[in-house]
Amino acid sequence: MKLKEFLHYTYIFPVLAVGYYFSGLMGSGVVYDIIAGLLLTGSVLSAVHHAEVVAHKVGEPFGTIILALCITIIEVALIISLMVAGGDQAITLARDTVFAAVMIILNGILGICILVGGVKYHEQFFARTSATTYLVSIVSILVLTLVLPNFTSSVNGPFYNEAQLIFISIACLVIYGVFLMVQTVRHRSYFIVPDEHPEEHYIPSLNKTLISFGFLVVCLVIVVLMAKGLSGTIEGMVQSIGAPKSLVGVIIAGVVLLPEGVAAIRAARSNQIQSSLNLALGSALASIGLTIPAVSTVCIMYDIPLVLGLDKKDIILLSLSVFIVMLSLSRGKTNILYGTVLLVNLAAYIFTVIVP
């Protein structure tokens, strides 16, 4: 790569964000936090660019898997670090974060993608088999991790005991592992739409791809670190308007999911709704399929209580979201109504967080 290519904003923003984060200026005042927010936004857009470079090189569905796994791994690291530091006060952190991420992905990212694609192209087509494969895995893990704990009797409350946590963690890893095998080996064709104009796509060099992958990791790490650093400011804003503290988790989850969201929406605008589905549903599956086993392991090691079961209101909202997504993706084509309904579901979720 030529030196002038590194002067592009996708290389400058991550470097500036890293330097600003370690300068210690964050949290020093409103102006400094606004600058941090701008650098965070630039890093998100940079992450999308580098993810697309990697995706063009490795092809589908590997490109979307890489982005989903990178963000999920960093999300897991953030949750674990906060839980270890917070101890018993953070017993609901993993549940709330995973639930917020799933609701944002299923209703927000997927809804915007379907709506944007529907407005521009009226209808967009995708492989029904891919949607079914995603949803079978997602629904199973969701029920096992976020619903079933409310109905077990070994311990009181929405908890699993140690043996149950180990079993559920193994079950999540088995489902996710087999899904990856299906997506990348046995039934890869389910997740790929034949390209009618392959000659029009630019394939980056190996050197540029490796550099972009490195910057992608840097972007994702700094996005999470800056989101964590700004959490105190966000919490103060939430408290100033009288909203519950749980809204902070929703905001942080939204910030962490921005790179995937922007990439999925850009794919939908380019009439690549299959890539949008791979990003959105793949992220939801990775989020719960990897986060719960990792958090469970840490909680067992450090003897931290872990609340997993959702309350009745959240179970209803989760069930509604999953049901609407299943209906919306059952025909292999989209329209603006599906996207609108999903976004209304997201609005209902956020509203009931603010006004429980």
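Computation of the quantities below employed the complete heavy-atom set of this structure, encompassing side-chain atoms and omitting hydrogens, waters and symmetry-equivalent molecules.
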For Leu173 and Leu290, run side-chain contact (heavy atoms from CB on, under 4.5 Å): C-alpha distance rounded to whole Å, both residues' side-chain angles, the deciding distance at 0.1 Å, then the answer.
CA-CA 7 Å; Leu173 292 175; Leu290 297 178; 4.2 Å; yes

Leu45 vs Phe13, side-chain contact (heavy atoms from CB on, under 4.5 Å): CA-CA, chis, key distance, verdict
CA-CA 9 Å; Leu45 297 176; Phe13 266 108; over 6 Å; no

Could you go through Leu142 and Val322, starting from their C-alpha distance and side-chain angles, then the distance that decides it, and tell me whether this counts as side-chain contact (heavy atoms from CB on, under 4.5 Å)?
CA-CA 10 Å; Leu142 281 174; Val322 171; 3.9 Å; yes

Using side-chain contact (heavy atoms from CB on, under 4.5 Å), reason through Ile292 and Ile141 one step at a time and then give a plain yes or no.
CA-CA 10 Å; Ile292 299 302; Ile141 295 179; 5.8 Å; no

I'd like a table of donor-acceptor pairs (distance under 3.5 Å, sequence neighbours excluded) in which one partner is a side-chain atom from residues 337-356, with atom names and distances.
| residue | atom | partner | partner atom | Å |
| --- | --- | --- | --- | --- |
| Tyr338 | OH | Arg331 | NH1 | 3.2 |
| Thr340 | OG1 | Ile336 | O | 2.8 |
| Thr352 | OG1 | Ala348 | O | 2.9 |
| Thr352 | OG1 | Tyr349 | O | 2.9 |

Side-chain donor-acceptor contacts of residues 107-122 below 3.5 Å, not counting sequence neighbours, with atom names and distances?
| residue | atom | partner | partner atom | Å |
| --- | --- | --- | --- | --- |
| Asn107 | OD1 | Ser321 | OG | 3.4 |
| Asn107 | ND2 | Met103 | O | 3.2 |
| Asn107 | ND2 | Ser321 | OG | 2.9 |
| Lys120 | NZ | Arg269 | O | 3.2 |
| Tyr121 | OH | Arg269 | O | 2.7 |

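Criterion: ILVMFWY side-chain heavy atoms under 4.5 Å apart, direct or through other members. Under it, Tyr9 and Val18 are part of a common hydrophobic cluster. When hydrophobic clusters are built by joining Ile, Leu, Val, Met, Phe, Trp and Tyr residues whose side-chain heavy atoms come closer than 4.5 Å, directly or via intermediates, Val102 is grouped together with Leu317. Residues Val178 and Val143 are members of one and the same hydrophobic cluster, defined by side-chain heavy-atom contacts under 4.5 angstrom among Ile, Leu, Val, Met, Phe, Trp and Tyr. Cluster annotation: Ile300 is connected to Val98 through the hydrophobic network of ILVMFWY side chains, with a link wherever side-chain heavy atoms come within less than 4.5 Å. In terms of hydrophobic clustering, with Ile, Leu, Val, Met, Phe, Trp and Tyr side chains grouped at heavy-atom distances under 4.5 Å, Val31 and Met226 are assigned to a common cluster.
If you take CZ on Phe99 and OG on Ser287, they are separated by 12.0 Å, rounding to the nearest 0.5 Å. To the nearest 0.5 angstrom, Met181 atom CE is 15.0 Å from Arg188 atom CZ. The distance from atom OH of Tyr11 to atom OG of Ser46, rounded to the nearest 0.5 Å, is 9.5 Å. Put simply, OG on Ser205 and NZ on Lys57 are 7.0 Å apart, with the number rounded to the nearest 0.5 Å. Here the straight-line distance linking atom CG of Leu106 with atom CG of Leu320 works out to 11.0 Å at 0.5 Å rounding. The CD1 atom of Ile288 sits 11.5 Å away from atom OG of Ser283, with the distance rounded to the nearest 0.5 Å.
In this structure the side chain of Ile315 reaches within 4.5 angstrom of the side chain of Asn150, judged on heavy atoms. Residues Leu310 and Leu318 have side chains in contact (heavy-atom distance under 4.5 Å, counting atoms from C-beta outward). Using a 4.5 Å cut-off on side-chain heavy atoms (C-beta onward), Cys172 and Ile168 make contact. Taking the side chain as every heavy atom from C-beta outward, Phe167 and Tyr160 never approach each other to under 4.5 Å. Inter-residue side-chain proximity for Gln164 and Thr152 is flagged as met; some heavy-atom pair is nearer than 4.5 Å. Side-chain contact between Phe179 and Val136 is absent, with no heavy-atom pair separated by less than 4.5 Å. Using a 4.5 Å heavy-atom threshold, the side chains of Ile211 and Val53 count as separate. Looking at heavy atoms from C-beta onward, Phe125 lies out of side-chain contact with Ile273 at the 4.5 angstrom threshold.
Other residues, nucleotides and ligands contribute only 12 or fewer heavy atoms inside 6.0 Å of the CZ atom of Phe323. Within 6.0 Å of CZ on Phe159 lie more than 12 heavy atoms contributed by other residues, nucleotides or ligands.
Each of Val298, Thr297, Thr291 was compared with Val295 under the side chain to side chain contact (heavy atoms under 4.5 Å, CB included) criterion, and only Thr291 meets it. In summary, of the residues considered (Thr10, Val262, Leu216), a side chain to side chain contact (heavy atoms under 4.5 Å, CB included) with His49 occurs for Thr10 alone.
For residues 247-256, no residue pair satisfies the salt bridge (charged side-chain N to carboxylate O under 4.0 Å, His left out) rule, not counting sequence neighbours.
Minimum heavy-atom separation, Ala36 to Met26: CB-CG, 3.9 Å. Nearest heavy-atom pair, Leu281 versus Ala131, reported as atom, atom and distance to 0.1 Å: CD1-CA, 4.5 Å. Of all heavy-atom pairs spanning Thr133 and Ser137, the tightest one is O-OG, 3.2 Å. For the pair Leu308 and Pro149, the tightest heavy-atom approach, listed with the atom from each and the gap, is CB-CG, 3.9 Å. Taking both residues in full, the closest heavy atoms of Leu306 and Ala94 are given as CD1-CB, 4.0 Å, listed atom of the first, atom of the second, then distance. When all heavy atoms are compared, the tightest approach of Ser130 to Gln274 is OG-NE2, 3.0 Å.
For Gln183 (side chain) and Phe191 (main-chain N/O), no donor-acceptor pair under 3.5 Å exists by modelled atom type. Between the side chain of Thr132 and the main chain of Thr129, no donor-acceptor pair closer than 3.5 Å is present.
Shown here are the salt bridge (charged side-chain N to carboxylate O under 4.0 Å, His left out) partners of Glu162, two or more places apart in sequence or in another chain: there are none. Evaluation of the salt bridge (charged side-chain N to carboxylate O under 4.0 Å, His left out) rule for Lys333 yields Glu123 as partners, not counting sequence neighbours. Taking Tyr32 as the reference, Tyr20, Leu25, Ser28 meet the side-chain contact (heavy atoms from CB on, under 4.5 Å) condition, with sequence neighbours excluded.
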